[in-house]
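Working notes for the structure below.
In listed order, ligands and their atoms are each counted from 1.
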Amino acid sequence: MIDLLSYKPQKEFSQKHLLRLSDYTPDEILQVLSLALKLKKQLQEGLRPPLLSGKILAMIFTKSSTRTRVSFEAGIYQLGGTAQFLSGSDIQLGRGEPISDTAKVLSRMVDGIMIRTFKQSDVEDLAKYGTIPVINGLTDLLHPCQILADLMTYYEYKGSFSGKLAFIGDGNNVANSLLVGCGKLGLDMTLACPKGFEPDAEVLAAARQAAAQSGAKLVITHDAREAAEGADAVYTDVWASMGQESGAQDKYKHFTGFQVNEKLTSLCKKDYIFMHCLPAHRGEEVSASVIDGPNSVVFDEAENRLHAQKAVMALLMK
Ligand code: CP
Ligand code: NVA
């Protein structure tokens, strides 16, 4: 049991960006989560500390979003700042202006950039060519903000980062970042996916390196039942991520037996929690009975996006 609300940092937070969770030490992740819990408590008490008074966040989206867009915009507003929504198709980036020029221009006008896009390298180039903090709001490879909210949710329900989390489904961006997050904080994770839909090899190597330090057990299997067995949390995500819609029906054929439903969750611990980053496809990766059932914490995860990202912005942009 750890008391995250009164977590004492081992070192001063020195990150400039949030590009990937693997760049963060466990101590830095715990600092984010601790501040997130404090900000959540304060908001519930009606307090909105103006930690980013007058600061401006540019939000670039070349993919759709509900949670990420609304939580970043509401979050910076609650901290005393403001956000600009920049749709990829409206700004010059969408007409071929280089990411390096975009980074240099935005750096002269705003205080931080959040970007949701396809290529991880575009996020990294923004950080390389700009001079302001860059936050990864999802790429084809990673979704670090989601996983901070998920770790916070797991802690709220389980009181620690021990136990077993099962991820059942596609080895996608969410699965990749989840492996790193669990590896960093010492939470055991078993990922079950169909053959050919494994997580990214480089990200998995980074997660294993983190796990070697924390003691987390990370297992990749093709057996959904093995993952669900004795799990404290079961996580799934869509079988076709944004940008993969064409050919999705062919892909789905490989996912028979990977739907998180009551048959699978009956293998979990009685007090297991069901997790999903949302949006969800009921009847595909998860049955309605599970996602809308008593063990589901999906709306806590969604809410925690707000608190976790406020903490990230406050630490990076103040
Ligand atoms: N989970 C998540 O990132 O949701 P959005 O796509 O709605 O932002
Ligand atoms: N894996 C999903 C996550 C959406 C939040 C996607 O990339 O579409």
Side-chain angles (χ1 to χ4, degrees), residues 18-21 36 57-76 83 85-88 113-120 122-123 135-154 167-181 191-194 197-200 203-204 233-249 251-252 254-255 258-260 273-282 284-286 291 296-310 312-313:
L18 174 56
L19 310 177
R20 344 173 188 82
L21 228 39
L57 178 76
M59 310 192 299
I60 304 174
F61 283 91
T62 71
K63 288 178 175 174
S64 306
S65 171
T66 298
R67 280 144 288 268
T68 305
R69 178 177 174 179
V70 176
S71 55
F72 269 106
E73 187 161 345
I76 194 155
F85 173 74
L86 307 173
S87 154
I113 305 172
M114 191 287 304
I115 177 166
R116 161 168 291 194
T117 194
F118 295 85
K119 282 159 53 191
Q120 176 69 19
D122 281 349
V123 179
I135 301 171
N136 181 349
L138 178 146
T139 61
D140 289 346
L141 187 69
L142 300 170
H143 198 357
C145 291
Q146 178 67 50
I147 274 48
L148 290 170
D150 297 336
L151 291 168
M152 179 178 172
T153 309
Y154 187 91
F167 182 95
I168 299 175
D170 188 22
N172 62 13
N173 43 11
V174 169
N176 287 335
S177 289
L178 205 49
L179 281 164
V180 176
L191 185 152
C193 60
F197 299 94
E198 290 81 9
D200 180 83
V203 178
L204 178 60
V234 186
Y235 200 125
T236 191
D237 184 17
V238 291
W239 291 339
S241 286
M242 288 180 276
Q244 300 177 350
E245 289 82 1
S246 75
Q249 289 308 322
K251 184 176 177 185
Y252 289 178
H254 299 270
F255 283 77
F258 286 86
Q259 183 191 77
V260 177
I273 53 173
F274 172 74
M275 305 181 77
H276 193 308
C277 57
L278 304 178
H281 293 171
R282 287 166 176 77
E284 290 182 10
E285 76 275 7
V286 60
I291 193 169
S296 177
V297 301
V298 298
F299 298 111
D300 296 292
E301 290 174 85
E303 180 190 331
N304 283 340
R305 295 292 304 280
L306 172 71
H307 311 299
Q309 288 155 200
K310 280 171 75 178
V312 169
M313 288 189 285

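In summary, the atoms of ligand 1 found under 4.0 Å from a heavy atom of Cys277, numbered by their order in the structure, are 1 (N). Which parts of ligand 1 touch Thr66 is read off a 4.0 Å heavy-atom cut-off, strictly below it: atoms 5 (P), 7 (O), 8 (O).
Remark: Asp237 engages no residue in a salt bridge (charged side-chain N to carboxylate O under 4.0 Å, His left out) (not counting sequence neighbours).
Of all protein heavy atoms, the one lying nearest to atom 2 (C) of ligand 1 is Arg305 NH1, 3.2 Å. Closest protein heavy atom to atom 4 (O) of ligand 1: Arg67 NE, 2.8 Å.
The closest approach between any non-hydrogen atom of Leu278 and ligand 1 is below 4.0 Å. Between Arg116 and ligand 1 there is a heavy-atom distance shorter than 4.0 Å. In this structure, Glu301 has no heavy atom closer than 4.0 Å to ligand 1.
Between Leu178 atom CG and Met275 atom CE the span is 7.5 Å, to the nearest 0.5 Å.
Paired with Met114 under the rule side chain to side chain contact (heavy atoms under 4.5 Å, CB included), one option of Thr68, Asn136, Ile76 passes, and it is Thr68.
In this structure, a donor-acceptor pair under 3.5 Å is absent between the side chains of Thr236 and Glu285.
Between the side chain of Glu245 and the main chain of Gly243, a donor-acceptor pair closer than 3.5 Å is present.
At a 3.5 angstrom cut-off on N or O pairs, Ser241 counts as close to ligand 2. Annotation: Arg116 places no N or O atom under 3.5 Å from an N or O atom of ligand 2; distance criterion only. Considering backbone and side-chain atoms together, Met242 places an N or O closer than 3.5 Å to an N or O of ligand 2. Ligand 2 has no N or O atom lying under 3.5 Å from any N or O atom of Lys63, backbone or side chain.
Contacts between Arg69 and ligand 1, counted as non-hydrogen atom pairs separated by less than 4.0 Å, are absent for every part of the residue. For Leu278, every heavy-atom contact with ligand 2 shorter than 4.0 Å involves the backbone, none the side chain.
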